[in-house]
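Have a look at the structure below before the remarks.
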Number of protein chains: 2
Amino acid sequence: MVNNQNQHLDEVFHALADPTRRGMLSQLAGRERTVSDLAGPYDISLAAASKHIKVLERAGLLHRNVKGRQHICRLNPKSLSKAYEWLRFYERFWNEKLDALEALLNEEDKKTKKK
Amino acid sequence: MVNNQNQHLDEVFHALADPTRRGMLSQLAGRERTVSDLAGPYDISLAAASKHIKVLERAGLLHRNVKGRQHICRLNPKSLSKAYEWLRFYERFWNEKLDALEALLNEEDKKTKKK
DNA sequence: ATTATATTCAACCAAATGGTTAACAATCAG
DNA sequence: CTGATTGTTAACCATTTGGTTGAATATAAT
């Protein structure tokens, strides 16, 4: 169970670690796109694009609907939530740290003013 | 500029795509830890841990303070913000989608009730 | 001065990654 | 039926990754 979640996080973060794949996701925000559409902006073969899309699909970031000879892809942002939650924890931690730093600086400031 | 940002996102997401490295970050939430500390829970050599830490460091997720023979590591969650922002965009998109779905279902429900 | 501790570095290895080209499969259009 | 279009699959290749072991470096302790 925990392993499956970790596995999923691995896949999602790995999928996001490539600029081509992130670009494809950007293209998908809002509308559906075919494999050719997604490959379009990049100087890579259709085969390469196909692989990228498969990575996104296995990570659950993208759903595919085969319609005739076209594969219609759409974003499945739901699968991002685990990664988002994970990051949010550290983001929160960062904010807390900043708050602590601010508090510390205020303390210092008070002392300085007392002098 | 954009390329540098992309490069940074690549590094951050790649760093996060490994369970050992995510575990190390978890260990670092709150307190500082030495390289040995970070390696401790895992069945890997110190050399391997050293490499993981370097990946986290290059991604800007971790800062190192060499104190004598120990390397004291601390989390630098600030560097997560770019990745967090990126994910938040899609998370928001997801929520919008869910809202749209909910609205649609409500519509359907109204129709059903009208019958 | 010697020894133990903490860590990195270099060389190596197997597996995964991102790309290619060429062949195949399926669907659509004339 | 014949092509043209849309994608996937297979085989291959160079590079990166995550791991190892062994040697090197630097500091601390005795």
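On a predicted model such as this, the values are computed, not experimentally measured, just so you know. Note on naming: letters A, B, ... go to the chains in the order of the sequence lines (proteins, then strands), and numbering restarts at 1 for each one. All values below come from the heavy atoms of this structure, side chains included, with hydrogens, waters and symmetry mates left out.
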Touch class at under 4.0 angstrom, heavy-atom based, for A/I44 against every strand present: sugar-phosphate
Polar contact flag, side-chain donor to acceptor under 3.5 angstrom, A/H52-A/R21: yes
d(CG, A/D37; P, D/dG7) in whole Å: 8 Å
Atom-to-atom span, CE of B/M24 to P of C/dT7 - whole angstrom: 11 Å
Minimum-distance nucleotide to A/R69 side chain [options: C/dT27, C/dC9, C/dT7]: C/dT27
Touch class at under 4.0 angstrom, heavy-atom based, for A/S36 against every strand present: sugar-phosphate
Of A/A17 and A/K67, the one whose closest DNA chain C nucleotide lies more 5': A/A17
Minimum heavy-atom distance A/A29-A/L75, with the two atoms named: CA-CD2, 4.1 Å
Distance test, side-chain N/O of B/K54 to OP1/OP2 of C/dC9, below 4.0 Å: yes
N or O in side chain of A/T34 less than 4.0 angstrom from D/dG7 OP1/OP2: yes
OP1 or OP2 of C/dT20 under 4.0 Å from side-chain N/O of A/S45: yes
Sugar-phosphate, base or nothing in reach of A/D43, heavy atoms under 4.0 Å: sugar-phosphate
Sugar-phosphate only, base, or nothing, as touched by A/K51 at under 4.0 Å among non-hydrogen atoms: base
Spacing of A/Y42 atom OH relative to C/dT20 atom P, expressed in whole Å: 14 Å
Which nucleotide in C/dT7, D/dG19, D/dG7 has an atom nearest any side-chain atom of B/L46: C/dT7
Among C/dA10, D/dG7, D/dG18, the one nearest B/A47 by side-chain distance: C/dA10
Whole-Å gap separating P (C/dC9) and CD1 (B/I53): 12 Å
Whole-Å distance separating the CZ atom of B/F13 from the P atom of C/dT17: 17 Å
Position toward the 5' end of DNA chain C (nearest nucleotide), A/A48 or A/G68: A/A48
Given D/dG18, D/dG19, D/dT9, the nucleotide with the shortest approach to the side chain of B/R21: D/dG18
C/dA6 OP1/OP2 closer than 4.0 Å to side-chain N/O of B/H71: no
Touch class at under 4.0 angstrom, heavy-atom based, for A/A49 against every strand present: nothing
d(CD1, B/I72; P, D/dA26) in whole Å: 19 Å
From D/dG19, C/dG19, C/dT7, nucleotide with atom closest to B/V35 side chain: C/dT7
